[in-house]
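These numbers come from the heavy atoms of this one structure, side chains and all, not from hydrogens, waters or symmetry mates. Chain letters run A, B, ... following the sequence lines, proteins first and then strands; every chain starts at 1.
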Protein chains: 2
Amino acid sequence: MSDPSTSRPARGRPPRLDQARTVETALDLLNGSGLDALTMRRLADAMGVQAGALYRYFRTKEDLLTAMAERMMAGIRAPAGGADWSDRLSGLARALRQALLAHRDGARVFAGTHSTGPGTLGFAESCTGVLREAGFSDADAARAALAVVRLTIGHTLEEQAALRTEDGSPADPEVLRAAVSSGGYPHLTAALPTLTEADQAPHFEFGLALLVAGLETLRQPRR
Amino acid sequence: MSDPSTSRPARGRPPRLDQARTVETALDLLNGSGLDALTMRRLADAMGVQAGALYRYFRTKEDLLTAMAERMMAGIRAPAGGADWSDRLSGLARALRQALLAHRDGARVFAGTHSTGPGTLGFAESCTGVLREAGFSDADAARAALAVVRLTIGHTLEEQAALRTEDGSPADPEVLRAAVSSGGYPHLTAALPTLTEADQAPHFEFGLALLVAGLETLRQPRR
DNA sequence: ACCTGAACACCGTTCAAGT
DNA sequence: ACCTGAACACCGTTCAAGT
């Protein structure tokens with residue numbers, strides 16, 4: 001079955017490269033060193049090959065990054081479907097955040113690409129499906145799904161950016177604290193303890209809860 | 001007053017470069033060719049100088065990008081303050097989107113940097129101020145402001161990404177349409193007409209309205 | 001003090017040539 | 001068919017040297 005001599009013609013040597021393994025190696029490299037250090041040359045090195053060889057499998061680096069984003073989205077499993085629509089929608093948003101957090105700079109990779117693969121489309125299908133089945137119109141379901149996804153991307157982008165300077169160096173919170181307390185920002189000063197919290201999950205949950213509460217008022221106009 | 005011979009010592013030739021003019025030129029270049037084409041060498045060229053000279057005014061390219069983001073934020077004028085808190089908050093969010101839209105790839109520049117300058121902090125101060133004066137707790141004001149800013153960034157990032165492929169080439173909507181209609185995505189198919197609308201403002205307004213409605217339920221728990 | 005010139009250590013991408 | 005080697009046209013950044 002998996003014997004290369006019986007499965008397909010396969011004349012010549014078996015290839016040392018393929019799309020799936022290359023994407024996997026690229027995601028490992030991403031986790032190890034971050035997006036800025038992910039170059040075609042370094043990826044080729046990790047695969048034991050010259051940089052030019054990658055271009056037989058990916059037309060450009062952007063195509064590779066798109067394949068990486070699609071691979072991240074394909075890993076998402078929608079949580080159990082028994083709950084009501086607001087729990088299911090929240091679960092999808094949390095799953096998206098987790099999928100992006102699973103790889104260093106995951107949100108940056110996702111935000112910089114536009115996959116139309118089954119993972120990405122499947123996730124969008126789930127979001128709009130939950131909303132349409134809850135009774136929202138096609139247009140409202142589309143726009144609500146966009147809002148949830150875009151809030152999640154915006155949030156996770158900043159969450160991972162804060163992680164970048166986490167260890168050593170003048171950490172981001174310190175710089176912000178200094179800038180705020182030096183000037184005349186009374187409201188920001190009051191908000192600062194919350195803004196500089198290490199755990200970003202409550203911030204995400206708060207924004208998500210606002211969107212869901214807003215959607216609920218849309219379903220029950222005045223009650 | 002502005003005579004260089006009386007204002008300051010200024011021995012030697014007057015400098016051909018300064019921070020403000022460099023940032024302005026960089027923003028012009030951004031509008032003309034986009035972020036990917038904005039290199040230190042091309043910027044130096046536009047200023048009639050060698051690339052190395054820029055490093056006397058900006059420690060790194062990232063510092064330049066941060067200054068550009070700060071310049072964009074400094075241009076924001078908060079809309080008139082007579083309205084109620086929800087209108088003022090929406091006005092701030094709209095002003096942020098407009099400021100990012102004012103420059104090609106503006107959202108990408110902003111999302112990739114972390115200015116702590118007066119423009120950026122002043123905007124954050126306005127957002128938290130509106131919310132705290134409306135009676136929200138410090139923590140809720142902080143998190144609500146984060147949600148509004150992050151939704152706006154997430155939205156504008158995608159809005160400008162869609163603009164990138166606007167003219168010529170296989171435009172993004174077409175690719176999406178083809179991918180969706182080929183597979184088994186019934187909900188996405190229903191949502192497609194809305195998702196592929198050219199005008200993105202309604203999408204933004206919808207998400208913003210959801211956040212504001214969510215905040216209103218927080219103020220009046222059950223009524 | 002301010003800028004040039006030139007270099008260093010890289011990039012993404014292409015493509016003839018080898019096997 | 002698949003990969004190498006080498007090149008092309010760039011990058012960001014540094015720094016002695018000039019003026």
Side-chain angles (χ1 to χ4, degrees), chain A residues 3-23 25-26 29-30 32-69 105 108-109 112-113 164 169, chain B residues 3-23 25-26 29-30 32-69 105 108-109 112-113 164 169:
Chain A
D3 182 355
S5 67
T6 63
S7 62
R8 219 77 92 79
R11 291 187 310 213
R13 279 178 291 299
R16 291 147 62 190
L17 244 41
D18 67 275
Q19 286 208 85
R21 269 189 56 247
T22 306
V23 168
T25 306
L29 232 59
L30 187 68
S33 329
L35 183 55
D36 294 335
L38 178 66
T39 70
M40 296 303 265
R41 284 172 147 92
R42 278 205 257 248
L43 175 57
D45 244 48
M47 311 278 303
V49 102
Q50 295 294 315
L54 295 171
Y55 289 81
R56 194 162 297 269
Y57 299 89
F58 302 94
R59 213 175 44 80
T60 61
K61 184 181 184 180
E62 208 192 303
D63 279 13
L64 167 69
L65 290 167
T66 301
M68 291 168 67
D105 292 330
R108 240 167 100 201
V109 170
T113 58
R164 279 208 324 119
S169 77
Chain B
D3 183 355
S5 69
T6 63
S7 61
R8 214 82 92 74
R11 292 188 307 216
R13 280 177 291 300
R16 289 147 65 190
L17 245 39
D18 67 275
Q19 285 208 86
R21 269 190 55 247
T22 306
V23 167
T25 308
L29 233 59
L30 187 69
S33 330
L35 183 55
D36 294 337
L38 179 66
T39 70
M40 296 302 267
R41 283 171 147 92
R42 278 205 257 246
L43 175 56
D45 244 49
M47 310 277 305
V49 102
Q50 294 295 314
L54 295 172
Y55 289 82
R56 194 162 297 270
Y57 299 89
F58 302 93
R59 213 176 44 80
T60 60
K61 184 180 183 181
E62 209 192 302
D63 280 11
L64 168 70
L65 290 167
T66 302
M68 291 168 67
D105 292 329
R108 242 166 102 201
V109 171
T113 58
R164 279 207 324 120
S169 76

*Take atom CG of A:Asp36 and atom C1' of D:dC11, then tell me their distance rounded to the nearest Å.*
14 Å
*Searching all strands shown, indicate the nucleotide that pairs with D:dA1 (Watson-Crick or G-U wobble; both distances under 3.5 Å).*
C:dT19
*Base-pairing assignment for C:dC11 (Watson-Crick or G-U wobble, both under 3.5 Å)*: none
*asked:* Under 4.0 Å, counting only non-hydrogen atoms across every strand here, what does A:Arg41 touch: a base, just sugar-phosphate, or nothing?
replied: base
*Write down the distance between CD (A:Gln50) and P (C:dG12), rounded to a whole number of angstrom.*
14 Å
*Nearest listed nucleotide, side chain of B:Arg56, among C:dT4, C:dC2, C:dT13*: C:dC2
*asked:* Expressed as a whole number of angstroms, how long is the span from A:Arg59:CZ to C:dC15:P?
replied: 13 Å
*Taking atom P of C:dA1 as reference, at what distance in whole Å does atom CG of B:Asp18 sit?*
18 Å
_Nearest-nucleotide comparison on DNA chain C, the residue closer to the 5′ end among B:Pro15 and A:Glu62_ = B:Pro15
_Is it the case that the side chain of B:Arg16 and the backbone of B:Val49 share a donor-acceptor pair, with hydrogens and angles ignored and the cut-off at 3.5 Å?_
no
_Show, in sequence, the C-alpha distance, side-chain angles and deciding distance for A:Arg108 and A:Asp36, and conclude whether the side-chain contact (heavy atoms from CB on, under 4.5 Å) test is met._
CA-CA 11 Å; A:Arg108 240 167 100 201; A:Asp36 294 335; 2.7 Å; yes
*Given the P atoms of C:dA9 and D:dA9, what is the spacing between them in whole Å?*
23 Å
*Looking across every strand, which nucleic acid part, if any, lies under 4.0 Å from B:Tyr57 by heavy atom: base, sugar-phosphate, or nothing?*
sugar-phosphate
*OH of B:Tyr55 versus P of C:dG5: gap in Å, rounded?*
18 Å
_Nearest listed nucleotide, side chain of A:Ala53, among D:dC3, C:dT4, D:dC11_ = D:dC3
*Going by heavy atoms in the side chains, are A:Asp63 and A:Thr60 under 4.5 Å from each other?*
yes
_Between A:Tyr57 and A:Leu17 (side chain of the first, backbone of the second, donor and acceptor by atom type, cut-off under 3.5 Å), is there such a pair?_
yes
_I need the CG-P distance between A:Asp45 and C:dC11, as an integer number of Å._
10 Å
*From the list D:dG12, C:dG12, D:dC3, which nucleotide is the closest neighbour of the side chain of A:Thr39?*
C:dG12
*Distance, rounded to the nearest Å, where B:Lys61 contributes NZ and C:dC11 contributes C1'*: 12 Å
*A:Leu43 and A:Leu54, any side-chain heavy atoms less than 4.5 Å apart*: yes
*asked:* For the C1' atoms, the ones on D:dC3 and on C:dA16, what distance do you get once it is rounded to whole angstrom?
replied: 13 Å
_Per B:Leu17 side chain, nearest of listed nucleotides C:dC3, D:dC3, D:dG12_ = C:dC3
*Could you state the CZ-C1' distance from B:Arg42 to D:dA9, rounded to the nearest angstrom?*
11 Å
*Under 4.0 Å: is that the gap between some side-chain N or O of A:Arg16 and OP1 or OP2 of C:dT19?*
no
